[in-house]
*Asks:* 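Before I ask anything, let me first share the structure, which is written out below as structure tokens.
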Amino acid sequence: MTRTVTITDNETGNKADFPVREAKEGSHGINIKTLHKELGMYTYDPGFLGTCSCASDITFIDGGKGILRYRGIPIEQLAEHSTFTEVCYLLLHGELPDSNQLDDFNHNITDHTLLHEGMRRFINGFNHDAHPMAMMVGSVGALSAFYPSASNVHDHGVQDKAAYRLLAKMPTIAAWSYKHSKGLPFIYPQNSLSYVENFLQMMFAFPTEDYTPDPLHVKALDLMLILHADHEQNASTSTVRLAGSSEANPYAAISAGISSLWGPSHGGANEKVIRMLTDITESDKTVQDYVELAKDKNSGVRLMGFGHRVYKNFDPRASLIRDMCHKLLKEMGGSSPLLDTAMELERIALEDDYFIERKLYPNVDFYSGIILRRLGIPLNMFTVIFAMARTVGWVSHWREMLRDDEFRIGRPRQVYEGSGMRDYVDISKR
Ligand code: SDX
């Protein structure tokens, strides 16, 4: 017998039963498709705090327990044993690849790392001081001009090709945006290198000298990409799903996701965290002063890198990144005043009732910037790195949506609270 939930309108006495979409794990969803037909009402849920937009097999999060799994595999195990392109295969196809499948997957990616030469002119068209995220939003959207056939979005071959092209070209776009912002020559992809080695050489090599990526940097960045690869229905992934639901070209849909990620409440937080830690470290403000500011609603200040819509416990990614920070510092030597400040901030906040009552813990952005700085990546490139990693999550959800039997264009409803019907008034009488 199908499990149902009964909703009663206690004003009219009308009531109806609604089927439950049972989750394999975590919370079930009440299917309210017939709610308006049965009770003449819609649900009202600004910010979608209690609304499932879809069913998905890709990523599972238990915010209360700090659990994150990609296709059922705990993030801690993937962080320890996997690589980013292997995780890409897992997210896209649902299973870990065997060695032949992984080799083929890596070759399919390296076959698409080059950009059309017209994209060089496009990127060079930006001012040198354009934010690299602006260049990435524009460049990824512009790819739809070079691949019009990608608009045939229900074709599985088109979906696969779009996945390879996006995974392959995001590092090139990211690195070329950085080089353009520095007025430096673009470095072309080297297909003999691994995904992360290739990105680092496009970022930091010069045509005038040899460059060999530091293996520790490669390992640290590969971990960062794994940890940022997917996170179920976050704002940017939901943006990609909604944009893609109109059957728009995938490059346009992913460009919309990059735009959403850029916000300081989402992927833009990693850049804001470093600015916050630097401000505390270099100003006469103490860590306690800043915590007090963040607790004061009137200050307009939030503890960037703290809090999460889903995690009401530690974000497991924050713990893994913090551990990598310590490992990098130990192996690379030196200290990090920013890490010291971050650790002090975390300690004070986690002992403060304001944060404890609201279950505010460090999230993925709190420590990530410290690693990226150590790798020599500039502040305005932090969210670009996040976008590079999250591309596989966006594409995986885009494909899953298009292959869903319940696929249809997304079109939320509203509660109208505006003016009642009234006539137009000529300007002479206003
Ligand atoms: C990411 O969704 C995802 O999965 C995102 C992400 C991913 O991988 O895709 O995990 C990546 O975006 C991480 C989040 C990065 N953003 C930040 O670090 C920015 C700072 N944090 C926030 O602004 C906030 O915590 C959010 C946006 C992350 C979550 O916001 P919610 O769920 O809407 O929570 P809320 O704003 O309703 O806050 C609840 C309470 C409020 O106080 P009260 O009104 O109840 O008194 O907690 C307070 C908030 O004022 N609060 C904070 C705070 N975050 C929430 N107070 C101070 N500092 C903070 N950081």
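A quick note: this is a predicted structure, and the numbers were derived from the prediction, not measured. Counting starts at 1 for both ligands and their atoms, following the listed order.
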*Asks:* Please check if the number of heavy atoms outside Ile30 that lie under 6.0 Å from its CD1 is greater than 12.
*Replies:* no
*Asks:* Tell me every residue that passes side chain to side chain contact (heavy atoms under 4.5 Å, CB included) with Leu39, counting only those two or more places apart in sequence or in another chain.
*Replies:* Ile7, Asn14, Ala16, Phe18, Leu35
*Asks:* For a quick check: using heavy atoms under 4.0 Å, what are the residues in contact with ligand 1, sorted by chain and number?
*Replies:* His231, Asn234, Pro264, Ser265, His266, Ala269, Ala294, Lys297, Arg302, Leu303, Met304, Gly305, Phe306, Gly307, His308, Arg309, Arg317, Tyr354, Arg358, Leu360, Asn363, Asp365, Phe386, Arg390
*Asks:* What residues form a side-chain hydrogen bond (donor to acceptor under 3.5 Å, both in side chains) with Arg408, not counting sequence neighbours?
*Replies:* none
*Asks:* Are His231 and Tyr311 near enough that their ring centres are under 6.0 Å apart?
*Replies:* yes
*Asks:* Over 60° means perpendicular and under 30° means parallel, so tell me whether Trp176 and Phe186 are parallel, tilted or perpendicular.
*Replies:* parallel
*Asks:* Only counting residues at least two apart or in another chain, list the ones meeting side-chain hydrogen bond (donor to acceptor under 3.5 Å, both in side chains) with Lys297.
*Replies:* Tyr354
